[in-house]
2 protein chains.
Amino acid sequence: MDGKPSFPLGPSSLTEALYESVRKRIVNGDIAPGEKLTEIRIANEYSVARPTAKACLERLTALGLLRRTTHKTAVVPKLDEAEIRDLYFSRETVERAAVVALARAGTVPPEAVRAQAAMRAAAGDAAQHGSDQGSHAGAFATQVEADIAFHSALVAAVGSRRLARMHEVILGEVHLTMGQFQAHRTTDPMNVAHEHDDILKAIGDGDPERAQQCLAHHLDQAQGRLLGQLRRERSEEAHA
Amino acid sequence: MDGKPSFPLGPSSLTEALYESVRKRIVNGDIAPGEKLTEIRIANEYSVARPTAKACLERLTALGLLRRTTHKTAVVPKLDEAEIRDLYFSRETVERAAVVALARAGTVPPEAVRAQAAMRAAAGDAAQHGSDQGSHAGAFATQVEADIAFHSALVAAVGSRRLARMHEVILGEVHLTMGQFQAHRTTDPMNVAHEHDDILKAIGDGDPERAQQCLAHHLDQAQGRLLGQLRRERSEEAHA
DNA sequence: TAAGGCAAAATCGTCAGACAAGTATACTCG
DNA sequence: CGAGTATACTTGTCTGACGATTTTGCCTTA
């Protein structure tokens with residue numbers, strides 16, 4: 001490493017830091033949907049060896065954040081309507097199993113409560129800076145992270161390593177769509193926070209049926225916002 | 001490649017063939033539970049470059065067939081009771097979603113029917129060669145493959161790429177436990193075939209509730225056989 | 001002008017060889 | 001026997017290279 005890397009890596013292990021950095025850039029739209037991501041580009045931008053860049057791309061591909069087939073350049077996907085539906089169907093499969101298990105145990109995960117508090121704080125920030133576009137973007141990113149953290153915490157709290165791994169397989173795409181479509185902007189963040197509260201309450205009350213209903217409603221709403229935004233973008237393209 | 005590889009690779013792409021070969025050796029016990037699997041060993045046994053061996057091990061690790069952490073040698077896992085329970089919990093999460101979706105559509109997957117026929121044929125072979133240990137092992141392996149194919153076909157028939165990917169994450173371990181514990185031997189293969197028939201019938205009848213009950217029963221039975229075998233092995237070890 | 005073909009460039013797949021870092025094993029000493 | 005140290009082994013990452021595949025650009029033809 002004799003060059004000055006464009007995206008400096010921190011003190012943690014190289015491949016881990018590389019993966020995290022590229023992942024973040026994909027999720028936040030810095031590397032845009034449809035954009036090609038070559039091993040050589042990553043190797044140059046981060047001053048790492050090409051095999052290291054390759055491993056990074058392979059990992060991102062395995063987690064749905066990139067699409068890549070043999071002998072072709074990786075590309076950041078943009079999900080269409082059918083894919084969003086499939087994503088949310090699969091998401092619900094995993095997360096329903098999680099909330100049902102938690103409700104049966106009557107176990108409210110502290111991490112989910114913490115993520116919910118972070119979500120409320122971010123929602124408050126968003127309302128406060130409504131007229132300040134720069135801080136608005138920051139608060140929005142925090143909302144997304146808190147939302148992801150909430151759902152991840154629910155799944156993680158079940159204590160099933162395999163359920164968590166299956167969740168991870170789709171979480172990249174979930175995160176990607178939230179970044180790409182920014183559909184969160186089309187609703188009051190407090191609505192999302194209320195839906196989370198409903199889920200937590202049903203879990204705490206030991207009511208598996210209600211827990212899964214609240215979750216299904218919440219995910220339906222989220223999916224609906226994404227699909228609405230997708231249709232808006234498609235209609236804007238048709239007029240351009 | 002100037003040496004003669006110990007395990008010759010076919011005409012398909014190198015990394016794919018390597019992965020398949022090592023995966024099969026792990027599943028059939030040729031590379032035994034607890035056994036360490038170094039990059040250097042794979043590179044030598046297959047006459048490939050070490051990075052190629054590394055990529056193979058990483059892929060097997062991602063799919064649960066190996067355990068590997070940073071700076072340590074990969075090892076074939078042997079699942080304990082808690083892990084088998086977790087595996088079957090997660091398996092049921094995915095497969096229940098699949099049979100419910102299929103039953104709602106009243107769609108019996110032709111591939112599942114085909115796998116079921118293969119299973120019956122293998123069960124017939126097992127009964128016929130009951131006293132011939134060599135062919136018995138072959139028929140057993142075919143039963144396992146047919147069983148896996150049946151369940152995979154159910155999930156694949158939903159047409160959800162993400163559900164299939166989540167299933168794949170656990171399928172390696174499912175396959176691994178079946179090979180390691182050979183618990184299939186502790187029941188008449190026709191019992192398994194009947195349980196598959198029940199699932200298919202419920203799907204064909206468009207009865208989601210019955211489909212998931214039949215599946216749950218089937219997986220409970222399978223899990224019970226595995227746990228029974230695990231306890232038998234543990235008690236044999238205690239006496240050795 | 002548009003389409004097709006071909007050559008060059010770009011990218012990916014895999015390799016050999018090497019050095020650094022981390023872990024495991026063996027040996028020695030108290 | 002246990003602890004510490006040295007050595008061996010393995011993994012992480014790199015450089016440089018060759019071969020294979022895909023993409024791009026240019027030229028020719030209809």
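Worth knowing before you read on, the calculation uses all heavy atoms, side chains too, and leaves out hydrogens, waters and symmetry mates. Chain naming here is simple, since letters A, B, ... match the order of the sequence lines and numbering starts at 1 in each.
- Near DNA chain D, meaning a heavy atom under 4.0 Å from it, residues 57-70 of chain B has B:Arg68, B:Thr70 in order of number.
- Atom CZ in A:Arg50 sits about 13 Å away from atom P in D:dA17, given to the nearest Å.
- Between B:Leu14 atom CG and D:dG19 atom P the separation is 16 Å, expressed in whole Å.
- Which of C:dA18, D:dT10, D:dC14 sits closest to the side chain of A:Val48 comes down to D:dC14.
- Looking at which nucleotide of DNA chain C each of B:Ala49 and B:Lys36 is closest to, the 5′-most match is held by B:Ala49.
- The distance between atom OH of A:Tyr46 and atom P of D:dC14, rounded to the nearest whole Å, is 14 Å.
- Atoms NZ (B:Lys54) and C1' (C:dA16) sit 17 Å apart, rounded to a whole Å.
- Protein atom CD1 of B:Ile42 is 13 Å distant from nucleotide atom P of C:dC15, rounded to whole Å.
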* Decide yes or no on ring pair (Phe, Tyr, Trp, His ring centres under 6.0 Å) for A:His196 and A:His151, but give the supporting numbers first. => CA-CA 9 Å; A:His196 285 181; A:His151 289 269; 5.2 Å; yes
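- In terms of phosphate contacts, B:Lys72 brings a side-chain nitrogen or oxygen within less than 4.0 Å of OP1 or OP2 of C:dA24.
- For the pair B:Thr15 and C:dT14, the criterion of a side-chain N or O lying under 4.0 Å from OP1 or OP2 is met.
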* Worked check of salt bridge (Lys or Arg N to Asp or Glu O under 4.0 Å) between A:Arg161 and B:Glu83 -> CA-CA 9 Å; A:Arg161 275 186 54 234; B:Glu83 289 192 292; 3.4 Å; yes
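- Listed nucleotides: D:dC14, D:dT21, D:dT11. Nearest to the side chain of B:His71: D:dT11.
- A:Ile40 places its CD1 atom 9 Å from the P atom of C:dA10, with the value rounded to the nearest Å.
- One finds no salt bridge joining B:Arg162 and B:Glu168 here, because no Lys/Arg side-chain nitrogen approaches an Asp/Glu carboxylate oxygen to under 4.0 Å.
- As rounded to whole Å, 17 Å separates atom C1' of D:dT23 from atom CZ of A:Arg41.
- Residue B:Thr73 has no polar side-chain atom (N or O) positioned under 4.0 Å from OP1 or OP2 of D:dC9.
- Salt bridge status for B:Glu81 with B:Arg231: present, with a side-chain N to carboxylate O gap under 4.0 Å.
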* Walk me through it: do A:Arg25 and A:Glu20 pass the test salt bridge (Lys or Arg N to Asp or Glu O under 4.0 Å)? => CA-CA 9 Å; A:Arg25 289 173 62 198; A:Glu20 268 304 318; over 6 Å; no
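- Taking atom CG of A:Leu37 as the reference point, atom P of C:dC12 lies 9 Å away to the nearest angstrom.
- Checking D:dG12, D:dT13, C:dG13 against every side-chain atom of A:Glu39, the shortest atom distance belongs to C:dG13.
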* Asked: After noting the C-alpha distance and the side-chain angles of B:Thr38 and B:Thr73, does the key distance pass the side chain to side chain donor-acceptor pair (under 3.5 Å) rule?
  -> CA-CA 6 Å; B:Thr38 64; B:Thr73 300; over 6 Å; no
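- In this structure, B:Pro109 and B:Leu154 approach most closely via the heavy-atom pair CG-CD2, 4.1 Å.
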